[in-house]
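All of these numbers come straight from a predicted model, not from anything done at the bench. Residue indices begin at 1 and follow the sequence shown.
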Amino acid sequence: MTLLRDAHDVLLLDLDGTVYAGKDPIPGAVEALSGGSEKQYFVTNNASRAPQDVAVHLRRLGFDTSAEFVVTSSEAAARVLAGKLDAGSRVLVVGTDALANEISKVGLDPVRSADDEPVAVVQGHSVDTGWKMLAEAVLAVRAGALWVATNVDATLPTERGLVLGNGSMVAAVRNATDVEPIVAGKPAAPIMHDAIERSGARSALVVGDRLDTDIAGANEIELPSLLVLTGVSTAAELLRAPQHLRPTHIGPDLGVLNQDESASRVDSKDGWTVGIDGGVLSVRFDGDTAPDAFEGALAVLHVAWSGSEFTEVRFEGNRLGDLQSLLGC
């Protein structure tokens, strides 16, 4: 038996919705990540905090890590800008002081007003961003400044539920300028390449809770991925997910890292009969034990993603209610 974590030398772990939700750890996450021999890098689209502050937060929650193992979209955005601008160029910062510090680290000059004639704008998440700061960004972008967004996540998981993320604020600037930003964070490649380079990974596994960022980011650079259902995306979204949003593995939480790698893989499963005929995807379980809804979902998705068209899902038998609920059917 090969545990899922043992099949990879590096785990590239998302934060919000994967290992914690706001100030609270995801139940079981600390225990699930302890004891492995692989390297663990935390790769986050949230640009509001410096890597060292993220590491302090993780350690307080019980995770064993340090700043060198934290890769943020603010770092990736700063490197994107440094590759396109002359040293000392002014960059309007829409975000926290931590984002501004990353801009300074790469030899650029962070400013807070469009009157400073910035040649670029960088926009990252901050709970303090309001109309005045967004207006400065709009003025600069409309004047021709290069625009880089740390990420475009529409929502952000917190201990109270989903709230608006940086992508929702980016949408306001986009709507007022008709300009599309360069994106540094997931699913765009810059942050993923940063994580691979820093970790030295040869067989990395991307782990996250969002199809449109974590899983799409893994597929962008052709890495295997694990979707955990502890944050934003749900199993119901997977049934008709396009190819670029399909994970390699699926689990209810990070605990699947400590199970055999076949247990979470999207594949056929013993006891499950799934097929498509005449536009109907039919599901039947013939095993002697009670059907496991997650195992059934993996078998269903294996067929649903085969390329054959279907318009209806039909469950045969009276023991598949949990699977129906999981898949939203």
*Run the salt bridge (charged side-chain N to carboxylate O under 4.0 Å, His left out) check on E75 and R198 step by step: do they pass?*
CA-CA 12 Å; E75 295 174 294; R198 286 173 55 177; 3.3 Å; yes
Write out all pairs satisfying salt bridge (Lys or Arg N to Asp or Glu O under 4.0 Å) with one or both partners inside [range], taking only residues at least two apart or from two chains.
range: residues 271-290; answer: R284-D286, R284-E316
range: residues 300-315; answer: E312-R314
range: residues 54-72; answer: none
range: residues 172-182; answer: R174-E180

_Spacing of L254 atom CG and T18 atom OG1 [to the nearest 0.5 Å]_ =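 The distance works out to 7.0 Å.
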*Only counting residues at least two apart or in another chain, list the ones meeting side chain to side chain contact (heavy atoms under 4.5 Å, CB included) with T96.*
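Only S48, A98, L99, S126 meet the side chain to side chain contact (heavy atoms under 4.5 Å, CB included) criterion with T96.
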*What residues, two or more places apart in sequence or in another chain, satisfy side chain to side chain contact (heavy atoms under 4.5 Å, CB included) together with D53?*
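D53 satisfies side chain to side chain contact (heavy atoms under 4.5 Å, CB included) with R49, A50 once adjacent residues are dropped.
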Restricting to salt bridge (charged side-chain N to carboxylate O under 4.0 Å, His left out), what partner residues turn up for [X], sequence neighbours left out?
X: E220; result: none
X: E38; result: R5
X: D16; result: none
X: D97; result: R112

*Kindly write out the residues that satisfy ring pair (Phe, Tyr, Trp, His ring centres under 6.0 Å) with F69, not counting sequence neighbours, or none if the list is empty.*
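Per chain and number, F69 pairs via ring pair (Phe, Tyr, Trp, His ring centres under 6.0 Å) with Y41.
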_Does either side chain, that of S203 or that of D9, offer a donor lying less than 3.5 Å from an acceptor on the other one?_
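Side chains of S203 and D9: pair found under 3.5 Å.
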*Would you mind listing the cluster partners of V232? Hydrophobic ones only (ILVMFWY), side-chain contacts under 4.5 Å, chaining allowed.*
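V232 shares its hydrophobic cluster with L162.
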